[in-house]
**Student:** 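Before anything else, here's the structure in question.
Since this is a predicted model, take the numbers as computed values, not measurements.
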Amino acid sequence: MWANGFKWMFLIIGTMIGAGYASGRELWEFFGAESGLAIMLFSVLFASSCFIILSISAKQQSSHYLPVLQEIMGKKLARMYDCMILIYLFSVTVIMLAGGGATLEVIHVPYWLGTVFIGGMVVILFLWDTRGMTSMNALIIPVLIVFLLGVLIAFQSLLGFPIQFRVEQQHNWPSALTFTALNILPLIAVLSAVGKEINRQGEIWIASIGSGVILGGISYLYNESLLQVSGDIMLYEIPLFAILKHYPYFMVLVMSGLLWLAIYTTAAAGVFGLLSRMREWLKGPAWLIALLIVSIMAPLTTFGFSTLISVLYPLYGVLNLYVLAAILLYPILHHRSIVK
């Protein structure tokens, strides 16, 4: 039970920690000053959403997101959001592939070659089908968490841990809703694909609470660290580098590598969600379908990483609010417990 619970927990965190989150850009855009309460609320909303999605997935024994979406929203709305999730996963994965190419430019790898490299690594992962995805997350995500926490704790230690929480200065709490909503569609897509592999209710509790606590804790520490360098953030496209300026150049290279891994896990999660849905229409090995998906995406990466994020992310944040509300209200509206 514990092993599977941690496996799903790392899958959730791997889906969440992409380029925007790991770089600090996503956190800074949504949180910033007076956001301690907002981050705590996000942690609770996120854990609750994961619990509800995983519970429905396990009950449905689903292999893709449509049965879960129909259970949450009804068949009519599910058809509309089915199309929206496909577009969302496709576009976000294009963003991640573009981000993978842009990140490798730091070590003078041409953008097109970096994009081809990350696309190829995603396809290789699916030679092992679903097991490849979960094993990759179980290997990479703990390393990402340890290094990111190490950098943030060391930075706070240098400053003497100037973390404060003032109850009267928590006006940014509504950001918890939009930040959770932004990340809800990929969670539905990825977690619904493993419903048939969930054996016990305990796995769902471990994955949900564990991911909520870990992401909430990292987000709070990260946001507090970014507040200490707020005057410098505008000088950096990647806010994390405003913190890393206090470290040797070697650490910049190490964290650039970890950013690439964060992008890779999110790109893989996007392809995983698309692949699980498309298997209803396309037959064949997982790696071949993944190759087809990545090949279609490749030309679209020429639009650039920052352009894609600035246009698409705010739009999805608004559209996803309805999905988040439907998930959180599901146990109430159905007048029954979703716990087995």
Side-chain angles (χ1 to χ4, degrees), residues 1-18 21-22 42-65 67-68 121-150 183-184 186-219 258 261-277 279 285-287 290 327 337-340:
M1 181 180 77
W2 283 94
N4 279 347
F6 282 123
K7 183 166 69 174
W8 310 137
M9 183 183 78
F10 289 133
L11 182 62
I12 292 167
I13 296 172
T15 304
M16 178 74 181
I17 298 185
Y21 184 95
F42 152 70
S43 182
V44 173
L45 290 171
F46 187 85
S48 302
S49 300
C50 289
F51 181 84
I52 294 167
I53 295 166
L54 281 170
S55 296
I56 296 171
S57 301
K59 184 177 72 174
Q60 297 276 354
Q61 288 291 288
S62 56
S63 58
H64 59 81
Y65 62 79
V68 175
M121 291 297 291
V122 168
V123 172
I124 288 170
L125 181 67
F126 288 98
L127 288 171
W128 295 274
D129 210 306
T130 304
R131 189 163 52 86
M133 179 72 191
T134 53
S135 299
M136 179 272 293
N137 276 297
L139 180 67
I140 290 177
I141 297 305
V143 175
L144 269 173
I145 291 170
V146 167
F147 270 86
L148 189 55
L149 278 176
N183 295 285
I184 208 69
L187 278 177
I188 293 174
V190 171
L191 298 184
S192 299
V194 298
K196 62 183 183 302
E197 298 179 41
I198 297 172
N199 300 314
R200 296 184 179 181
Q201 190 72 26
E203 298 171 25
I204 298 173
W205 284 104
I206 293 165
S208 305
I209 295 173
S211 59
V213 169
I214 289 171
L215 286 169
I218 293 173
S219 299
L258 290 173
L261 287 176
I263 292 168
Y264 176 61
T265 58
T266 306
V271 172
F272 179 57
L274 286 167
L275 187 150
S276 63
R277 181 72 182 96
R279 273 183 156 172
W287 69 268
I327 291 169
S337 173
I338 57 172
V339 180
K340 290 179 183 177

**Student:** Which residues pass the side-chain contact (heavy atoms from CB on, under 4.5 Å) test with Pro285, not counting sequence neighbours?
**Tutor:** Trp287, Leu288
**Student:** Determine yes or no for a side-chain-to-main-chain donor-acceptor pair under 3.5 angstrom, with Glu203 supplying the side chain and Trp2 the backbone.
**Tutor:** no
**Student:** Describe, in one word, how the ring planes of Phe126 and Phe272 are oriented to each other, choosing from parallel (under 30°), tilted (30 to 60°) and perpendicular (over 60°).
**Tutor:** parallel
**Student:** Out of curiosity, Ile13 CD1 to Ile145 CD1, how far, rounded to the nearest 0.5 Å?
**Tutor:** 4.0 Å
**Student:** Let me confirm one number: the CG-CE distance from Asn199 to Met1, rounded to the nearest 0.5 Å.
**Tutor:** 11.5 Å
**Student:** If you take all heavy atoms of Ser192 and Ser62, which pair is closest and at what distance?
**Tutor:** O-OG, 2.6 Å
**Student:** Kindly determine whether Met121 and Leu125 satisfy side-chain contact (heavy atoms from CB on, under 4.5 Å), including the steps that lead there.
**Tutor:** CA-CA 6 Å; Met121 291 297 291; Leu125 181 67; over 6 Å; no
**Student:** Are Ile141 and Thr265 packed together at the side-chain level, in the sense that at least one heavy-atom pair is separated by less than 4.5 angstrom?
**Tutor:** yes
**Student:** The criterion is ring-ring contact (aromatic ring centres under 6.0 Å, His included); which residues satisfy it with Phe10, sequence neighbours excluded?
**Tutor:** none
**Student:** Out of curiosity, Ile56 CD1 to Ile204 CD1, how far, rounded to the nearest 0.5 Å?
**Tutor:** 10.0 Å
**Student:** Nearest 0.5 Å, what's the CD1-CG distance between Ile263 and Leu258?
**Tutor:** 11.0 Å
**Student:** What's the shortest heavy-atom distance between His64 and Pro67, and which atoms?
**Tutor:** O-CD, 3.3 Å
**Student:** Does any non-hydrogen side-chain atom of Trp8 lie less than 4.5 Å from one of Glu197?
**Tutor:** yes
**Student:** Just jot down the ring-ring contact (aromatic ring centres under 6.0 Å, His included) partners of Phe46, sequence neighbours excluded, or say none.
**Tutor:** Phe42
**Student:** Indicate the atoms forming the closest heavy-atom contact of Ala290 with Val271, along with that distance.
**Tutor:** CB-CG1, 3.9 Å
**Student:** Quick one: closest heavy-atom pair of Ile188 and Tyr65, and the distance?
**Tutor:** O-CB, 3.8 Å
**Student:** Within this structure, what is the CG-CD1 distance for the pair Leu144 and Ile17, rounded to the nearest 0.5 Å?
**Tutor:** 6.0 Å
**Student:** Enumerate donor-acceptor pairs with a distance under 3.5 Å from any side-chain N or O in residues 211-218 to protein atoms, sequence neighbours excluded.
**Tutor:**
unit_1 : atom_1 : unit_2 : atom_2 : d
Ser211 : OG     : Ala207 : O      : 2.7
Ser211 : OG     : Ser208 : O      : 3.1

**Student:** With the side chain counted from C-beta on, respond yes when Ile140 and Tyr264 share a heavy-atom pair under 4.5 Å apart, and no when they do not.
**Tutor:** yes
**Student:** Could you pull out the closest heavy-atom pair between Ala269 and Val190, with the gap in Å?
**Tutor:** O-CG2, 3.5 Å
**Student:** Quick one: closest heavy-atom pair of Ile12 and Cys50, and the distance?
**Tutor:** CG2-SG, 3.8 Å
**Student:** With a 3.5 Å distance limit and no angle check, can you tell me whether Gln60 reaches the backbone of Ser57 through a side-chain donor-acceptor pair?
**Tutor:** no
**Student:** Under the salt bridge (Lys or Arg N to Asp or Glu O under 4.0 Å) test, which residues partner Arg200, sequence neighbours left out?
**Tutor:** none
**Student:** Listed by chain and number, what are the side chain to side chain donor-acceptor pair (under 3.5 Å) partners of Ser49, not counting sequence neighbours?
**Tutor:** none
**Student:** Assess whether side-chain contact (heavy atoms from CB on, under 4.5 Å) is satisfied between Ile206 and Asn4, documenting all intermediate values.
**Tutor:** CA-CA 9 Å; Ile206 293 165; Asn4 279 347; over 6 Å; no
**Student:** How long is the span from the CD1 atom in Ile198 to the OG atom in Ser55, to the nearest 0.5 Å?
**Tutor:** 8.0 Å
